[in-house]
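Contents: one structure, followed by commentary.
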Amino acid sequence: AEGATATFAAMTTPRGAFLLTTSLAKLAFAGFALQALALLELRTIPRWSPWSVVAGSVLFLMFWDQDNWMLIGAGLLMAGFVPMALALRREGGARD
């Protein structure tokens with residue numbers, strides 16, 4: 001059991017390519033939150049929608065690799081992104 005535990009710890013320790021991809025993924029979720037906050041000023045987007053994206057991103061970042069919390073975060077992201085996408089699509093169609 002000690003060998004298996006040591007192997008698991010060595011393989012899951014963030015370093016090399018795994019550290020790079022993990023860091024980039026965390027940076028992407030921070031970017032989602034910042035972009036959602038930038039859309040708060042638009043009147044066509046429901047006020048709660050960007051905050052849902054921010055909450056989902058924060059859950060992802062706080063509870064990385066904890067699947068239950070990440071599932072809740074994914075639900076919040078979807079609940080926020082869908083109304084945003086629909087409102088932005090309607091607004092873009094109105095301009096054309």
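If you're wondering where the values come from, they're calculated on a predicted model, not measured in any experiment.
Under the side chain to side chain contact (heavy atoms under 4.5 Å, CB included) criterion, L39 pairs with L42, I45, M84, L88, sequence neighbours left out. Qualifying side-chain hydrogen bond (donor to acceptor under 3.5 Å, both in side chains) partners for T44, counting only residues two or more places apart in sequence or in other chains: E91. Taking Q66 as the reference, F63, W69 meet the side chain to side chain contact (heavy atoms under 4.5 Å, CB included) condition, with sequence neighbours excluded.
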(request) Show your reasoning for whether side-chain contact (heavy atoms from CB on, under 4.5 Å) applies to L77 and S57. (result) CA-CA 7 Å; L77 285 168; S57 296; 3.7 Å; yes

(message) Checking F29 against V58 for the side-chain contact (heavy atoms from CB on, under 4.5 Å) test, could you report, in this order, the C-alpha distance in whole Å, the side-chain angles of both residues, the deciding distance, and whether it holds?
(response) CA-CA 8 Å; F29 281 105; V58 167; over 6 Å; no

(request) Could you walk me through whether Q35 and V53 pass the side-chain contact (heavy atoms from CB on, under 4.5 Å) test, one step at a time? (result) CA-CA 9 Å; Q35 288 179 11; V53 172; over 6 Å; no

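The distance from the CG atom of L76 to the CG atom of L71 is 10.0 Å, given to the nearest 0.5 Å. Here the CG-CG distance, from L34 to L27, works out to 9.5 Å after rounding to the nearest 0.5 Å. Rounded to the nearest 0.5 Å, atoms CG (L19) and CG (L24) are 9.0 Å apart.
W48 and L86 are not part of a single hydrophobic cluster, where members link through side-chain heavy atoms under 4.5 Å apart. No chain of hydrophobic side-chain contacts below 4.5 Å, direct or via other Ile, Leu, Val, Met, Phe, Trp or Tyr residues, connects M62 to M70.
Note: F81 and F32 have perpendicular aromatic rings, judged against thresholds of 30 and 60 degrees for the angle between ring planes.
The two residues P83 and A79 make their nearest non-hydrogen contact at CD-O, 3.0 Å. A pairwise comparison of heavy atoms in S52 and G80 identifies OG-N, 3.6 Å as the closest pair. Between A33 and V54, the shortest heavy-atom contact is O-CG2, 3.7 Å.
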